[in-house]
Amino acid sequence: MNQKGRRPVSYASVALDIPTRAIDAAYDYLVPDGLAATATVGATVLVPFSGRDVVGYVMDVHEEPPAGVAPGRVRPVTQVLAEPAFDGAAARVARWMAAEYACPLCEAVRPFLAPGQKVRVTRASADAPWQLVSEKAGPVDERWVGLVPAANDYAPGQRASRQRAVLEALREGPQRVAELSATIPGAASAVTALAKRGVVEVFSRRSVRGSEATSLSSAAAPRPERLTAGQAEALAAIDAAREEAAGGVVLVDGVTGSGKTEVYLDAIEHALAGGRGAIVLVPEISLTAQTVGRFRSRFGEDVAVLHSRLSTGERFDQWDLVRRGQAHVVVGARSALFAPLADPGLIIIDEEHEASYKQDSSPRYHAREVAARMAAERGCALVLGSATPSLESLARCRAGHFLGRPWTRVSMPDRPAGAVLPKVTIVDMAEQFRGGRRGVFSAPLAHALEGVCERREKAVLLLNRRGFANFLMCRECGCVPECPHCSCALTYHERTHSLMCHTCGRAWPVRAYPDPSTCCPNCGSRYMGAYGVGTQRVEDELHALLPEGVEVIRMDADTTRTKDAHQRLLEQFDAAECAVLVGTQMIAKGLDFPEVTLVGVINADTMLKLPDFRASERTYDLLEQVAGRAGRGGRPGEVVVQTYWATHPAMQAVLLHDRSVFLTAELEEREDAGYPPFSRLGNVTLWGRDERAVRQAADGMAAALREQVGARAGWEVLGPTDCVKARVKDQVRRHVMVKAPSEAALGAVLSSCAASLGRLQGINMALDVDAYDMM
Ligand code: ADP
Ligand code: ZN
Ligand code: ZN
């Protein structure tokens, strides 16, 4: 290839798009002269592999020939299929992800690719050329029309009223032909006639889908006159970390409503002034028009928005705005982290404690960890914001560093403009039940709701959906039966009328309410059953409780199924004079409606009994977050929390607005049991139809792990045991857990043990590093 001596020979390392553990490295190919300009890092290419052509992604281009192959025998890249989607720094992050999260390289590359541009190759016949197909979501051009200077001298004929209307409309500036046609019937033919006369010009313009605006009152938050002391301190810390350009992490630990978003906005403004961009991650659920509106009102067209409720075409357009350098601020859900922003000065993760930052399919990455790596790789700062930071982030800040990077915490303990945190009441529901109140609402909550209606204000009611029906609970004493051997809650299996322990596997027969033989092991009550309340029931009881003329808006999986439903319901709540919003977890975050003066939590403790070491943390986070929705405006707020476990540290911490009440108890338990942040936790799940084969494979994995790390200090292998969801779609599920020191290379250990098992027929295996879902 180098006969002409013009260009040194170069090689491309290509990640093949074959998702298997057997192919975990990039393969080197020769870059032919004709492709030197296009087969660059990030490009999608076609290369020969094992007797056929496969799609791959260029990770790196270099001049040293690959080791172990004679230079003349390196095969060339066949074709370039798509222009670069990522750069060298991103490629290095992808390689790190593959190792860190024990996944095939191509799966780590996928999040970086253009949305909706799935590349498939096909050909009509054996000797026809390979072709790229199904590029469904590519760019779309639209027809626009605008006046040309000659229009000034043109007077349409007496009867050409449509032409006159079109010319009139265009005086304001060019318009889309489609839009004109919607307001002026027959506009399209008038445009054609005018174009023929040389009065207007028709041109095509790249459409940018997914940039619509919102009408929410709070979306255009004006810039406050001055920052609070906490905000100024946080901003200074972020600026310093950005200028240092060393991948420093700043945790903005600010109570709900302390003005974290305002800090982000200013910090981004500073980054933009320094010629760099910013990526802002927000939990999917709080990525409402309200949040987006605040960013758009500050940065206008420089903002691209990426989340899963956009259509693929919309996502592509927004992504491409970033790639073409037309938007420098990316606001989006987890996957927006991978947007092709050339030079981010900041990566911001809002509500960093959210479990949704952990992806539950391969690559099973945590956005916080990938962002930290990216920040180090690109020399920018990572900002984490939360009113309830994760225990992991708090521990790293306490240590001052993690994996060689500085971690700093800045606290914002106050709300601006004298707004105070709401007053909290904890209601013991067993006591209410014994006192004769058997409905959804306790006396204090019913009373508070009536007050809201009298004062024509607004209330938010949270119904915690996770975890309830899986347990039996006594309504008179709040007891949940536990395993006497493992001291964890027993799971109720309605079908087999049994209580089961998912730690040791023991099971007991049981009769639940309303069976007459039911009996609480603690107090003998017959009101022991699987109590779950639906949002529908809450809505019905609300209608019975409240006077006429109070709007009740229900927000749950059922009412938010369609694309913009979530948004519409919020707008309805915003516009109402006096209303109650009832919803599941999805209402806990990000809502900022100043007229909300009451937040009620209908069932605070349903998650506490889940076999998950983060159950308490999640409960505390949820309560503190939802409580923060009250009293954000001028009027003081009130929070009523209904629970069967009023003494739990999570309830007490929320009652006192004192996180340390929860933290002290929780950290002690975590340290005793060796859970994060004192370790990192891996979870290997195996499933398949053949129970014996699954058991054998799980045993094999556990044995491999024990052999490799069982004797190392700080490592522990647990199991195998049945998963909580022991059987899903006729497949048997077992898992093995591994605890490792908090900076250990857990991914590498899981990968090598998995590889040592060889090919497992009919068995699926998921390796999950830093697992969040262990069910
Ligand atoms: P958080 O993100 O911490 O929950 P927000 O950024 O949403 O808080 O701010 C809460 C409210 O306080 C918003 O209505 C915001 O406009 C307002 N706000 C923020 N900073 C200030 C400030 N320095 N002075 C006055 N109001 C502020
Ligand atoms: Zn047990
Ligand atoms: Zn009881």
Side-chain angles (χ1 to χ4, degrees), residues 216-235 251-268 280-283 286-288 290-295 297-298 331 348-354 383-389 410-422 428-431 433-434 471-482 510 512-513 518-529 531 574 588-596 624-635 637 644-645:
L216 278 176
S217 58
S218 46
R223 186 193 292 270
E225 263 168 42
R226 83 176 78 78
L227 297 181
T228 64
Q231 285 176 317
E233 195 193 331
L235 185 59
L251 172 64
V252 180
D253 179 3
V255 298
T256 52
S258 58
K260 292 182 289 295
T261 312
E262 204 56 50
V263 172
Y264 307 154
L265 291 170
D266 286 1
I268 294 170
V280 185
L281 303 189
V282 190
S286 54
L287 194 58
T288 57
Q290 199 175 15
T291 315
V292 173
R294 287 178 75 177
F295 285 88
S297 76
R298 187 72 70 91
V331 180
I348 298 171
I349 303 184
D350 190 31
E351 311 292 5
E352 67 93 25
H353 62 279
E354 275 286 307
V383 178
L384 305 174
S386 178
T388 54
V410 187
S411 132
M412 305 205 311
D414 301 306
R415 288 184 168 182
V420 291
L421 289 170
D428 181 337
M429 290 305 277
E431 201 177 290
F433 190 87
R434 291 193 299 266
F471 301 97
L472 289 189
M473 188 189 68
C474 170
R475 289 206 62 188
E476 286 200 81
C477 74
C479 156
V480 171
E482 288 187 354
V510 72
Y513 180 83
T518 317
C519 177
C520 166
N522 186 44
C523 74
S525 163
R526 57 180 293 261
Y527 293 104
M528 196 176 72
Y531 296 98
D574 188 40
K589 291 133 209 161
L591 300 188
D592 184 8
F593 295 111
E595 309 90 353
V596 172
E624 189 62 41
Q625 293 287 343
V626 76
R629 302 303 124 208
R632 291 168 80 90
R635 281 171 274 192
Y644 281 92
W645 201 341

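Whatever order the structure lists ligands and atoms in, that order sets their numbers, starting from 1. Atom set for the values below is all heavy atoms of this structure, side chains included, hydrogens, waters and symmetry mates excluded.
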**Prompt:** Any idea how Y513 and Y527 line up, ring-wise: parallel (<30°), tilted (30 to 60°), or perpendicular (>60°)?
**Reply:** tilted
**Asked** Can you list the atoms of ligand 1 that are under 4.0 Å from a heavy atom of R226?
**Response** 22 (C), 23 (N), 24 (N)
**Asked** In ligand 1, which numbered atoms sit nearer than 4.0 Å to a non-hydrogen atom of R294?
**Response** 5 (P), 6 (O), 7 (O), 15 (C)
**Request:** Could you say whether the N/O atoms of P224 and ligand 1 ever approach to under 3.5 Å?
**Result:** no
**Item:** Donor-acceptor side-chain pairing of Y264 and D350 below 3.5 angstrom
**Value:** yes
**Donor on one side chain, acceptor on other, R415 and T256, under 3.5 Å** = yes
**Request:** Answer yes or no: is there a donor N or O on one side and an acceptor on the other, between the side chain of Q231 and the main chain of T228, under 3.5 Å?
**Result:** yes
**Asked** Hey, looking at atom 18 (N) of ligand 1, which of P416, A232, G628 has the closest heavy atom?
**Response** P416
**Asked** Quick one: does R223's side chain get under 4.5 Å of D266's, heavy atoms only?
**Response** yes
**Prompt:** Do M473 and M528 come close enough that some side-chain heavy atom pair is under 4.5 Å?
**Reply:** no
**Asked** Counting backbone and side-chain atoms alike, does C479 have an N/O/S atom under 2.8 Å from the Zn ion (ligand 3)?
**Response** no
**Prompt:** Can you give the angle C520 SG - the Zn ion (ligand 3) - C474 SG, rounded to 10°?
**Reply:** 110°
**Message:** Given the Zn ion (ligand 3) as the apex, I'd like the angle to SG of C523 and SG of C477, rounded to 10 degrees.
**Reply:** 110°
**Asked** Using a heavy-atom cut-off of under 4.0 Å, does the side chain or the backbone of S258 touch ligand 1, or both, or neither?
**Response** both
